[in-house]
Asks: 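Questions regarding the structure given below will be posed in turn.
Throughout, a chain's letter reflects where its sequence line sits, starting with A, and its residues are numbered from 1.
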2 protein chains.
Amino acid sequence: MVMSTPSVSAANQSLLGNGSGVVSPSPIPPGGSATTASVNSASEMEHTVSMTLFFVLAVLGLCILVIHLLIKLKLTYLPESIAVVFVGALIGLLLQLIGNWRKEEAFPPMIFFLVILPPIIFESGYNLHKGNFFHNIGSILLFAILGTVISAAVIGAGVYLVGVAGITYQLTLVESFAFGSLISAVDPVATLAIFQAMKVDPILYMLVFGESILNDAVSIVLMTTVIQVKPEDGGLHALGLAVLNFFKTFLCSAGIGTVFALASALLLKWVDLRKTPSLEVGIMLIFSYAPYCLAEGLHMSGIMAILFAGIVMSHYTHRNLSPVSQITVQHTFRTMAFLAETLVFAYLGLAIFSFSHLLQPSLVIWCIALCLLGRAFNIFPLSFCLNYFRQHKITLKNQLIMWFSGLRGAIAFALAIHLDVRGETRQILVTTTLVIVLFTILVLGGSTMPLMKCLERRPAWMQTYYYYNNPAAGSSRSRRRRRRAREKQEVTLSKTQMGAAMDSEQYSEFAESEVELSGGGPGVPVGPGGHKLQGFIRLDLRYLMPFFTRTFTHKEVTEGRQMMTTLTDKWCQEVRSTPAGEGGDPDDKEDDEDIDEEASHAETSLTAAQQ
Amino acid sequence: MVMSTPSVSAANQSLLGNGSGVVSPSPIPPGGSATTASVNSASEMEHTVSMTLFFVLAVLGLCILVIHLLIKLKLTYLPESIAVVFVGALIGLLLQLIGNWRKEEAFPPMIFFLVILPPIIFESGYNLHKGNFFHNIGSILLFAILGTVISAAVIGAGVYLVGVAGITYQLTLVESFAFGSLISAVDPVATLAIFQAMKVDPILYMLVFGESILNDAVSIVLMTTVIQVKPEDGGLHALGLAVLNFFKTFLCSAGIGTVFALASALLLKWVDLRKTPSLEVGIMLIFSYAPYCLAEGLHMSGIMAILFAGIVMSHYTHRNLSPVSQITVQHTFRTMAFLAETLVFAYLGLAIFSFSHLLQPSLVIWCIALCLLGRAFNIFPLSFCLNYFRQHKITLKNQLIMWFSGLRGAIAFALAIHLDVRGETRQILVTTTLVIVLFTILVLGGSTMPLMKCLERRPAWMQTYYYYNNPAAGSSRSRRRRRRAREKQEVTLSKTQMGAAMDSEQYSEFAESEVELSGGGPGVPVGPGGHKLQGFIRLDLRYLMPFFTRTFTHKEVTEGRQMMTTLTDKWCQEVRSTPAGEGGDPDDKEDDEDIDEEASHAETSLTAAQQ
């Protein structure tokens, strides 16, 4: 109902109107009201921007409700991104029909890069503390960096060649490779969903999770590097410069992020802000965003910096927080990332009807084929190489899933919009990207369920092999818990639900093994399987972890628990509740027992951790 | 060390450079690096803005550390705002000495009004759920609306008259009253601090807390209204229009905020988002910011809308949240408000050395006198009137404190910067406001301690009178607890610490009485003192509260508790802790006992609440 008022339409125009968009002080036609003639144009502009923001918030609210509906109706095999794109498309269509819609583009790029992108990337990194990322850093980096470069090269070369051959629309060399880079950014959501649903072993899960997260940043840096290449420098020289530039940007940016994260860990280790959560959370927010700003300001990659800041902060800084701040920080970051991502997908939906598209069907078809080919050249050869070094092999079946799960998402589309190339080509590339994103989300995403069903029956020997190599994963307790989780939990492609689920089950499993590790005494740390740990993990456990995280005294732990108990009690006091027994389900009692069991188990682990 | 690099200085220039500031696409001199000639100007601008943001974050981080130092060194009688202003001034001086600093003004106004102001105001409103705001709504509104108007009128008329009399710099009528309005915005911080430290009775505390919070919004609306008056309309007509406009804006904006808040309450009552905290927190963020955007977009007062949204959301919506979301929302809002306020104070400090000031000493002195006079005309007559109707009188001594505690703060300064008047006058008004703010914070704020000490010895008859009228406050348990709190807690003017303290002690006291109320059964609700409740409170308890908040089933309460237990256990598992007994203080055991006692008490209240 809101969409039909003229002032909202005006706001939309300003949202989608001018390239430099919302933030330019260029004269904007006055809004609906005529009583404000005396107000100057800066103030008028503020009103328009406010209305735009209101429209954005309304769309976001609608998307949240739709996502909730999906979860409620257990339509969880439909990825949320599809639903959000659909909502966006519907709104776009509606506005189109009303007619008060200017066919033009784009988020103000500055808002996108300074406001929307950072939380998405930071949260990806911050979520990594949910697993043994560092155990697999080598393989992950190989997939993320080399894999993405391979994919970009294959797609870029392919697009350029079919163009030169006259089969499709012709792109220049730089444009081809820039497009190849941006379209190589794989969306972590789908990958995550599939692997969670498949109950593959956690190591492989982490491998692909890590890859798909780092991959975005690599893809962005790659595209920026390619765009800056000046063809007149000559082939090899330009290539050399690009490679040099790529590694310089990559390393410096990652360094900035890491330094900030370590500084925040030390700061929160030595400066006790635990009594004043607003200061603590404030420091976390500042240190998470500062590396992005500094890196961007120094012409490095903010994305890379904030990604590494996220990874390192979740590994060290997160452990120095009070429980209240942990919860606040975790959920704030997750909510911000969720809103940002929803916004991009909704915008993608809006774009279907609002952009002036230039569709080149042959180019689109070739690109889809090249995307699949590029990802194949990424996954299969690299897995083959890695299997020589990995104790824990990547099976052909898992490789198939990894290949199939290369959905393209928000990042690719956003990069396409901001690609800095000449007019017509840009329109063509945006349209092509939009179609590829929609195709992969709808077709690949939609057919993951059948594929999973088909591959679900894992041969018995694999199961045995897996537990043989991972005795900890096979311990009777964790096996029982996993089975229980499998019974409880249905297959879901809902990222939101997944986040919540990961907090409890998936995560505590990893945390448990970490506790075991750190409880290993002053000797050589041993891994979950009793293996000697090597390389970074050992360094980390022996020197880095003690240096960057603080040791809580018994009193402090008690205070932390007490703080949480107080808050819980406050909540219980505040909510109006029915008397015990009334309104409860018949299975109430059973649930309570379950909970008691869980709680007593947690109590036990705590005691273990304290000893 | 960061401040001395040339690119940071460039960033500062853009922060303080042009009026429309950071967001204008006007050409900006390139930053330090020369390698970026190929990058276009939009991208260059992004780098500059990033650097500006980094500078802002660095200043914020520094301020947080200074505030922490204050708390740590128990310098809590020094208000934090003074410390932050001092830090800002120091940085300003440093940049001045380095020389690379352009003497000009202002935050981009749009950033201030769309990003900085809303969290401050919303959080003020949201914090009101910590007390019986609605019990005193009449008195609060009288002080906030009529009181502020009186103060603005006295100061406006005074400034105009001394100008006309040729004693000081002459302002026009509109300018005088606009200035009178903006300088009537009283900072809640100091008031809060004094009243908390004085241990005055909670009702009076709430009265003044409510007043000083609403007052900001009234002051802003008033100033906007005055500025829009066209003197050529003729005296009475213009006055009539202004009054009409003021009430129209006031009521419509408050209405927008209230409607949104109630909608959010109903939404979260009927749509169960408790399993997916990121959706829940997302909805809260959207519904808190949307009324601001809509009201601004419709040329109403966003401040008023977001303030009422905050008040109503904390009263109803907050109770429909899961415990995790409650914590997240509470602390996120508080942190955002804290950061925003710190930023404004730091900027105020920077302004001392960076603005081109035009000091009119006679005007400043007259204004300070008029401010004191205006507040006197606000507090004393209104208290006198109110005492006719109030059961619970406002004593002369408390009136004195209320009068004395009228510190001016961030809002007044921010309004002065954005006052839309001609050049020289504006500079004079900004300087005048800056001096008044600094004077009230330093002199009045600094002398609150002596005044408090002087007034602390409350005559015995008053004590008796107070407890006679408030049997609940005088119940042996709450008296014992308050005494214990007084012994534990030192006098503090630190807002940060206060927020944390309010969570536990102050708040649970109020919550307790609320539980008693809602547990009062289907009969006529009775107040803390056994009095029959009247008017809005009764309506609220009987009809509104049940309609807008949900009744949790026993199972849901258990699930909520379980969620919190899981998170607490997760934290305990994650932190590295020393074995019990080691590293603890000698008073560890004592503390533990204290905690146990608290916990068991909380447990008891929970049981009471559930029955």
Side-chain angles (χ1 to χ4, degrees), chain A residues 20 23-25 36 46-47 50-51 53-54 57 61 64 110 276-279 281-282 286 290 293-294 296-297 299 319 323 327-328 331-332 334-335 338-339 496 511 515 551-555 557 561-562 564 568-569 571-578 580 583-584 588 595 599 602 606 609-610, chain B residues 20 23-25 36 46-47 50-51 53-54 57 61 64 110 276-279 281-282 286 290 293-294 296-297 299 319 323 327-328 331-332 334-335 338-339 496 500 511 515 551-555 557 562 564-565 568-569 571-578 580 583-584 588 595 602 606 609-610:
Chain A
S20 69
V23 286
S24 80
T36 56
E46 196 188 305
H47 296 305
S50 299
M51 222 44 182
L53 284 175
F54 180 70
L57 292 177
I64 288 184
M110 189 132 82
T276 45
S278 47
L279 297 190
V281 176
I286 288 171
C293 295
L294 184 64
E296 282 292 316
H299 300 82
R319 288 162 209 260
I327 294 178
T328 305
H331 284 92
T332 305
R334 189 175 292 163
T335 306
F338 165 76
L339 290 179
T496 312
V515 168
T551 310
F552 283 75
T553 65
H554 178 61
K555 186 182 163 192
V557 172
R561 290 186 79 90
Q562 169 58 19
M564 295 294 286
T568 313
D569 292 335
W571 178 74
C572 289
Q573 280 185 349
E574 246 176 31
V575 300
R576 293 185 312 118
S577 67
T578 53
D588 245 24
I595 284 163
L606 167 69
Q610 279 175 347
Chain B
S20 68
V23 286
S24 79
T36 56
E46 196 188 305
H47 295 305
S50 298
M51 223 40 184
L53 285 175
F54 180 70
L57 291 176
I64 289 184
M110 190 133 82
T276 45
S278 47
L279 297 190
V281 176
I286 288 171
C293 296
L294 184 63
E296 282 292 315
H299 299 83
R319 288 162 208 261
I327 294 178
T328 305
H331 284 92
T332 306
R334 190 175 290 163
T335 305
F338 165 76
L339 291 179
T496 311
V515 168
T551 310
F552 283 75
T553 64
H554 178 62
K555 187 182 164 193
V557 173
Q562 169 57 19
M564 294 293 285
T565 312
T568 313
D569 292 334
W571 178 75
C572 288
Q573 282 183 348
E574 245 176 32
V575 301
R576 295 186 308 119
S577 67
T578 53
D588 245 26
I595 285 163
L606 167 69
Q610 279 177 346

Asks: Heavy atoms, side chains only, cut-off 4.5 Å: are B:T565 and A:T568 in contact?
Replies: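 Sidechains of A:T568 and B:T565: no contact.
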Asks: Would you give the length of the straight line joining atom CE of B:M564 to atom CD1 of A:I327, rounded to the nearest 0.5 angstrom?
Replies: 5.0 Å
Asks: Just so I know, are the side chains of A:T332 and B:V281 near enough to count as touching, which here means a heavy-atom distance under 4.5 Å?
Replies: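 Answer no - side chains too far apart.
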Asks: So what's closer than 4.5 Å to chain A heavy atoms on B:I286: side chain, backbone, both or neither?
Replies: both
Asks: Please classify the contact between A:L294 and chain B as side chain, backbone, both or neither, with a heavy-atom cut-off of under 4.5 Å.
Replies: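 Contact with chain B is through both the backbone and side chain of A:L294.
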Asks: Search all heavy atoms of A:M51 against all heavy atoms of B:G297 and return the closest pair with its distance.
Replies: SD-CA, 3.7 Å
Asks: Which heavy atom of A:C293 sits nearest to which heavy atom of B:L53, and what is that distance?
Replies: SG-CB, 3.6 Å
Asks: If I compare all heavy atoms of A:P277 with all of B:H331, which pair ends up nearest, and what's the gap?
Replies: CB-CD2, 3.5 Å
